[in-house]
Asker: 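Please find one structure pasted underneath; my questions will follow.
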Amino acid sequence: MMKKLGMIPNLKLSLPPPDEDSLVKFLTQSGTFKVGDLLVNRDGVRIVSESETQAPPPIKPSDNQLSLEDMDIIKVVGKGNGGVVQLVQHKWTSQFFALKVIQMNIEEPARRQIAQELKINQSSQCPYVVVCYQSFYNNGAISIILEYMDGGSLADFLKKVKTIPEPFLAAIFKQVLKGLAYLHHEKHIIHRDLKPSNLLINHRGEVKITDFGVSAIMTSTSGLANTFVGTYNYMSPERIIGGDYGNKSDIWSLGLVLLECATGKFPFSPPEAEEGWTNFYELMEAIVEQPPPCAPSDQFSSEFCSFISACVQKDPKDRKSAPELMTHPFMNMYNDLDLDLSSYFTSAGSPLATL
Ligand code: ATP
Ligand code: MG
């Protein structure tokens, strides 16, 4: 559909650089092109088809053509421990992206390892996983261009609605499980940092997992292992004590996130008040020593309670896998309601974080 003009670079030099009008006039006079047939950018000139002048084709992850200079920054949409996330817009296609910048001053070998691991993210293709388009390292920071999710995170959404009713939870977590099954069983990736802020939503009612691999980089990169500043709240017992862990560690986190969305509070709340844990060891003791949390059976369906219990078993071997959980009765008990997550996400709480 679109061709680069082979011999045009000379032409580009002979024209006053960004004056698109005179270029179009010149070429129109040559009898070959009409106004609107040409686009000029810093790489030169390209011919565009008529349909393309109306709506340029969306950029695909495989295009490998994004650069930070081609992005306009629109606004900051979120801040995490490691850095900031901005809404940006591609100058030539008007497409929106999320740009995540993580400050990280590191030496060359670790940098190369990070670049390699981020490439793995780029190869992920699943509708339930946030697309990573490109990543760069420059000036002590890693920049990652991600698919923009205009509803923000489930953590943001939960702040607005306080609790999410069971039927919506079934529809939301069905998508999360599909994403998790893909990561675990097709990509062989353990997420390691599943939590409400790493589940993103959009106005189409889609739910996608993000930041898989980022925490793997943080924990596996030599010299960075001790600088982990994320939350330990959703960490499985086997992991928090420093033992071996696998896919089932994410299933524990999934169960806690689901329970938090249903009840509106983090399941391992400290005994008195809302203050949060005073130290890491108290939290660790609660996770390791206390019986696993469960859903109150007077407020939730038996299917929901059983689903939670299938996730938050102390022994990872007793937890179900993502594909097994997809067939759990809780996942399908509300199918008849034919719920519209899109209108739920857009109507509940304040408007989505769009322009
Ligand atoms: P932590 O740093 O502890 O992991 P976090 O997950 O909230 O916390 P970030 O991953 O930096 O930190 O994300 C910060 C916020 O930015 C998220 O909570 C979410 O609101 C927003 N955000 C992140 N990625 C996207 C995206 N692709 N599209 C839209 N908003 C996003
Ligand atoms: Mg995150």
Side-chain angles (χ1 to χ4, degrees), residues 58-59 61 66 68 71 73-90 95-104 114 117-118 121-122 124 126-135 141-161 172 175-176 179-180 183 189-219 221 224 227-235 250 253-254 256-257 260-261 266 276-277 280 283 345-346 349-355:
I59 291 165
L66 292 176
L68 290 180
M71 299 289 183
I73 294 170
I74 310 290
K75 63 176 178 183
V76 171
V77 289
K79 281 199 178 87
N81 276 310
V84 58
V85 178
Q86 291 165 314
L87 168 63
V88 297
Q89 188 170 27
H90 190 250
Q95 203 171 327
F96 291 111
F97 295 93
L99 173 65
K100 178 166 184 161
V101 180
I102 308 168
Q103 286 302 327
M104 201 182 251
I114 286 175
E117 302 214 23
L118 284 168
N121 288 5
Q122 247 163 275
S124 287
C126 169
Y128 307 100
V129 158
V130 169
V131 178
C132 172
Y133 286 85
Q134 218 141 305
S135 44
I142 298 171
S143 302
I144 311 173
I145 299 179
L146 298 162
E147 174 180 11
Y148 176 60
M149 296 291 283
D150 61 7
S153 73
L154 212 53
D156 305 326
F157 186 70
L158 205 55
K159 278 197 204 107
K160 293 184 227 160
V161 297
I172 292 169
Q175 298 188 53
V176 177
L180 208 53
L183 292 179
I189 294 173
I190 308 168
H191 188 297
R192 296 180 171 85
D193 197 17
L194 213 59
K195 55 183 176 181
S197 70
N198 284 338
L199 299 175
L200 304 182
I201 61 177
N202 69 21
H203 71 278
R204 288 194 291 270
E206 295 167 341
V207 184
K208 305 192 185 202
I209 303 177
T210 191
D211 281 352
F212 48 94
V214 173
S215 75
I217 292 164
M218 299 295 190
T219 43
T221 309
L224 288 172
T227 61
F228 178 78
V229 283
T231 177
Y232 291 91
N233 282 357
Y234 304 90
M235 238 184 224
D250 285 341
S253 314
L254 177 91
L256 290 194
V257 175
E260 179 173 344
C261 291
F266 175 64
W277 294 94
F280 165 74
L283 171 69
F345 287 157
T346 41
S350 49
L352 295 175
T354 34
L355 276 174

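Read the numbers this way: they start at 1 and go in the same order the structure lists the ligands and their atoms. Worth knowing before you read on, the calculation uses all heavy atoms, side chains too, and leaves out hydrogens, waters and symmetry mates.
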Asker: If I compare all heavy atoms of S153 with all of P196, which pair ends up nearest, and what's the gap?
Answerer: CB-O, 3.8 Å
Asker: Answer yes or no for L200: is there a heavy-atom contact with ligand 1 below 4.0 Å?
Answerer: yes
Asker: Purely on distance, is any nitrogen or oxygen of K79 under 3.5 Å from one on ligand 1?
Answerer: no
Asker: Taking all non-hydrogen atoms of both residues into account, name the closest pair between I145 and M71 and its distance.
Answerer: CD1-CE, 3.9 Å
Asker: Kindly indicate whether the side chain of L200, heavy atoms from C-beta on, has any atom under 4.5 Å from the side chain of E147.
Answerer: no
Asker: Between Y148 and ligand 1, does any nitrogen or oxygen pair lie at a separation below 3.5 Å?
Answerer: no
Asker: Among D150, D193, V77, V84, which residue places a heavy atom closest to atom 30 (N) of ligand 1?
Answerer: V77
Asker: Is the distance from the Mg ion (ligand 2) to the nearest N/O/S atom of S153 under 2.8 Å?
Answerer: no
Asker: Which heavy atom of F266 sits nearest a heavy atom of N233, and at what distance?
Answerer: CZ-O, 3.1 Å
Asker: Of the backbone and side-chain N, O or S atoms of D211, does one lie nearer to the Mg ion (ligand 2) than 2.8 Å?
Answerer: yes
Asker: Does ligand 1 have a heavy atom under 4.0 Å from the side chain of K195, from its backbone, from both, or from neither?
Answerer: side chain
Asker: As an exercise, identify every atom of ligand 1 less than 4.0 angstrom from a heavy atom of A98.
Answerer: 26 (C), 27 (N), 28 (N)
Asker: Does an N or O from M149, backbone or side chain, lie closer than 3.5 Å to an N or O of ligand 1?
Answerer: yes
Asker: Could you list which atoms of ligand 1 come closer than 4.0 Å to a heavy atom of D211?
Answerer: 10 (O)
Asker: Could you label the plane-to-plane angle of the F96 and Y148 rings as parallel, tilted or perpendicular, counting under 30° as parallel and over 60° as perpendicular?
Answerer: tilted
Asker: Quick check: closest heavy atoms across N202 and F345, and the distance to 0.1 Å?
Answerer: O-CD1, 3.5 Å
Asker: For the pair H203 and D150, evaluate side-chain hydrogen bond (donor to acceptor under 3.5 Å, both in side chains) and give the outcome as yes or no after the intermediate values.
Answerer: CA-CA 7 Å; H203 71 278; D150 61 7; 2.5 Å; yes
Asker: For residues G179 and I209, report the shortest heavy-atom separation together with the two atoms involved.
Answerer: C-CD1, 3.6 Å
Asker: Does the side chain of Y133 come within less than 4.5 Å of Q95's, by heavy atoms?
Answerer: yes
Asker: Looking at ligand 1, is there an atom of it that comes within less than 4.0 Å of some heavy atom belonging to N198?
Answerer: yes
Asker: Give the numbers and elements of all ligand 1 atoms closer than 4.0 Å to a heavy atom of D156.
Answerer: 19 (C), 20 (O)
Asker: Of the side chain and backbone of K100, name the one, both, or neither that has a heavy atom under 4.0 Å from an atom of ligand 1.
Answerer: side chain
